[in-house]
Amino acid sequence: MTATAPTPTPIPLTTIAELRQHHSQLVRLGLASHPTHARRLLAFLARDPAAHLPYAARLLAHHPDPHPALFNPLFAALPPCHAARLLALMLSLPLPPDHFTFPRILPAAPLPLAAQLHALLLKLGFHYHAQSLNALLAAYLANARPDLASRAFRTAAPRGTLDVVSWTTMVGGLCKLGLVDEAREVFDEMPERNLISWNAMISGYVKAGRFLDALDVFDEMRALGVQGNGFIAASAVVACTGAGTLAHGWEVHRWVEQSGIKVDEKLATAVVDMYCKCGCVEEAWRVFEALPVKGLTTWNCMIGGFAVHGRGRDAVRLFGRMEREGVAPDDVTLVNVLTACSHAGMVSEGRHYFNHIVERYGVEPKMEHYGCMVDLYGRAGMLDEAQKVIDNMPMEPDVGVLGALFGACRIHGDVDLGEAIGWRVIELDPQNSGRYVLLANLLASAGRWEDVARVRQLMDERNVSKEAGRSVIEVDGEVCEFQCGSLHHPQAAEVYAMARDMMSRIGAEGYAPDTRDVLHDVAEEEKDAPLLYHSEKLAIAFGLLRTRPGDTIRITKNLRVCRDCHEATKFVSRVFEREIVVRDRNRFHHFKDGKCSCNDYW
DNA sequence: CTAGGGTTAG
């Protein structure tokens with residue numbers, strides 16, 4: 001054979017002209033087919049396959065001894081349609097695909113091609129090759145065909161072709177398609193799992209919003225003595241953030257620290273966010289302050305954390321420090337600062353930041369910022385100012401912006417404006433049940449029962465159902481969920497008795513039911529009953545039963561706090577001398593001594 | 001061939 005060493009000094013190949021020149025030189029020296037040179041030429045051509053595929057194909061077609069491996073870099077770089085043509089060339093030489101061919105072509109293959117490759121793979125016996133088979137499973141799953149993937153998966157099992165990657169591919173792929181329960185079935189049957197498998201299941205549950213299930217899997221992993229890594233930590237922390245359960249958050253954080261997992265900036269930010277969203281800003285602050293390096297997102301999380309807890313002064317102070325430390329804010333920072341101002345009633349500060357948003361902060365105001373301003377004015381009762389923001393904004397207001405004004409109308413009882421916007425907002429977002437409920441509440445508060453009925457009828461016609469209220473409370477590390485009006489809890493009778501007792505005790509101290517949000521045209525005295533069954537009251541009653549006197553009661557709920565629960569909780573905090581922290585859909589309420597941190601605007 | 005994590009008005 002020819003050369004043992006590449007004779008021409010490898011000149012850098014940067015243009016196709018250089019490559020042609022180099023190639024011709026190699027041809028003259030009889031070195032063009034030398035594996036090293038041929039691979040180098042093909043690697044260059046693979047960088048722009050759309051332009052150079054014919055060239056590459058010629059090179060391969062004239063190669064005296066084309067090895068399948070020469071094709072693989074090209075396959076990896078090709079769009080699927082060209083990959084198919086190159087495969088055809090390969091087969092025509094004739095040259096069989098090798099172990100890298102299918103894994104290289106399949107990931108980007110659209111369905112018809114994937115199916116053809118499936119047939120070829122069977123014909124050539126690659127269904128005994130785990131990597132090829134796994135690539136096929138991934139391709140079917142990427143094309144949203146869990147049926148085809150599952151069939152290939154099941155038929156491969158008796159052959160013993162499956163490995164841990166095959167199983168993990170199924171778990172992750174099914175999760176991505178929203179088939180998280182099916183994924184769990186596969187996961188439970190896995191003969192062997194690695195950290196990737198565990199994380200696929202945990203993060204799959206997180207993506208599906210099934211945070212407690214995610215944490216169950218995480219616990220199972222630890223119970224088996226499996227050491228985690230940064231991926232698992234991230235997923236578990238985010239699961240706690242979603243669940244809003246501080247006890248879980250503490251535990252996962254402690255586990256991260258004990259297990260020696262390296263906490264990088266992103267993971268640290270996730271932890272800060274977790275403590276904020278689990279109701280413990282103080283702990284978020286401790287973690288935040290201890291960080292040697294804070295990224296923009298870290299600042300944003302902390303400022304946003306203060307914002308949702310109604311601590312506008314702290315948010316603004318932190319923003320000032322961020323500025324002094326030379327960290328340039330972005331659009332999210334400004335949204336968080338404006339939210340902080342609006343949740344704390346700091347109208348003039350909010351206006352100030354908004355007015356200087358471009359020249360001082362270098363941020364182009366977007367829809368979100370206008371929404372914040374509408375919310376800022378609207379919450380403060382300056383509905384005409386809010387309306388002016390909408391009239392003068394440079395883009396068409398979206399549902400969110402109008403929704404902010406609508407929400408303000410509800411707070412301040414402006415039925416006329418609220419109704420006008422309410423119908424419009426519902427038409428813009430007809431599947432959002434909360435908006436119907438808000439409009440119905442507004443109309444009900446004005447005693448307009450026939451219009452309330454119209455709203456309810458519209459919901460029926462469109463098959464939009466009112467989301468059931470759910471409240472989660474943790475007691476002794478146990479998580480209990482209460483659903484509005486549901487009797488499923490094992491201690492239901494006791495809880496209801498406690499709830500009734502609780503209500504009569506605060507009633508004796510001056511609490512009166514606020515029935516404005518009750519959507520039935522019934523006699524006043526009959527309206528009180530359904531209010532008692534709101535999930536939040538049941539959860540608080542349960543908390544009073546099961547926690548020690550003086551313990552903070554923490555509740556996370558899926559909807560906004562209703563006015564009656566808000567009022568009742570204020571009384572409970574005073575009468576039972578408890579701090580009660582409620583995370584609702586939008587923000588946190590800290591109830592203490594008969595007052596709430598939201599100052600009754602939420 | 002299998003996994004990723006942070007912030008955003010209502």
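Not measured: the values here are computed from a predicted model. Per chain, numbering begins at 1; letters A, B, ... match sequence-line order.
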Original post:
So, does the side chain of Thr298(A) form a donor-acceptor pair with the base of dG6(B) at under 3.5 Å?
Top reply: yes
Original post:
Is there a donor and acceptor pair, one atom on the side chain of Asn300(A) and one on the base of dG6(B), closer than 3.5 Å?
Top reply: no
Nearest-Å distance, [atom1] ([X]) to [atom2] ([N])?
| X | N | atom1 | atom2 | value |
| --- | --- | --- | --- | --- |
| Met373(A) | dG10(B) | CE | C1' | 15 Å |
| Tyr353(A) | dT8(B) | OH | C1' | 18 Å |
| Glu467(A) | dG10(B) | CD | C1' | 15 Å |
| Phe102(A) | dT2(B) | CZ | C1' | 20 Å |
| Ile357(A) | dT8(B) | CD1 | C1' | 12 Å |
| Lys366(A) | dG10(B) | NZ | C1' | 16 Å |
| Glu368(A) | dT8(B) | CD | P | 12 Å |
| Lys277(A) | dT7(B) | NZ | C1' | 7 Å |

Original post:
Does the pair Glu385(A)/Lys388(A) count as a salt bridge with the N-to-O cut at 4.0 Å?
Top reply: yes
Subject >> salt_bridge(Arg424(A), Glu427(A)) N-O dist < 4.0 Å >> reply: no
Nearest-nucleotide pick for [X], side chain only, options being [options]:
| X | options | answer |
| --- | --- | --- |
| Thr169(A) | dG5(B), dT2(B), dC1(B) | dT2(B) |
| Thr269(A) | dG6(B), dA3(B), dC1(B) | dG6(B) |
| Arg435(A) | dG6(B), dG4(B), dG10(B) | dG10(B) |
| Ala135(A) | dT8(B), dG10(B), dC1(B) | dC1(B) |
| Ala234(A) | dA9(B), dG10(B), dG5(B) | dG5(B) |
| Ala270(A) | dT8(B), dG6(B), dC1(B) | dG6(B) |
| Asn134(A) | dC1(B), dA3(B), dG6(B) | dC1(B) |
| Asp273(A) | dA3(B), dG6(B), dT8(B) | dG6(B) |
| Cys301(A) | dA3(B), dG6(B), dC1(B) | dG6(B) |
| Ser203(A) | dG10(B), dT8(B), dG4(B) | dG4(B) |

Reckon [X] touches a base, only the sugar-phosphate, or nothing at all at heavy-atom distances under 4.0 Å?
| X | result |
| --- | --- |
| Asp398(A) | base |
| Asp264(A) | base |
| Met274(A) | nothing |
| Val425(A) | nothing |
| Gly172(A) | nothing |
| Gly173(A) | nothing |
| Ala138(A) | nothing |
| Asn432(A) | nothing |
| Arg379(A) | sugar-phosphate |
| Gly371(A) | base |
| His343(A) | sugar-phosphate |
| Thr297(A) | base |
| Lys294(A) | nothing |

Subject >> Between Trp198(A) and Phe231(A), ring centroids under 6.0 Å >> reply: no
Original post:
Quick check, are the ring centers of Phe319(A) and Trp299(A) under 6.0 angstrom apart?
Top reply: no
**OP:** Of all the heavy-atom pairs spanning Leu318(A) and Phe306(A), show the shortest one and how long it is.
**Re:** CD2-CE1, 4.1 Å
Subject >> Side-chain N,O (Lys266(A)) to OP1/OP2 (dT7(B)) below 4.0 Å >> reply: no
Original post:
Side chains of Thr333(A) and Glu323(A): closer than 4.5 Å at any heavy-atom pair?
Top reply: no
Original post:
Counting only heavy atoms not in Glu396(A), do more than 12 fall under 6.0 Å of its CD?
Top reply: no
**OP:** To the nearest 0.5 Å, tell me how far Ser235(A) OG sits from Met201(A) CE.
**Re:** 11.5 Å
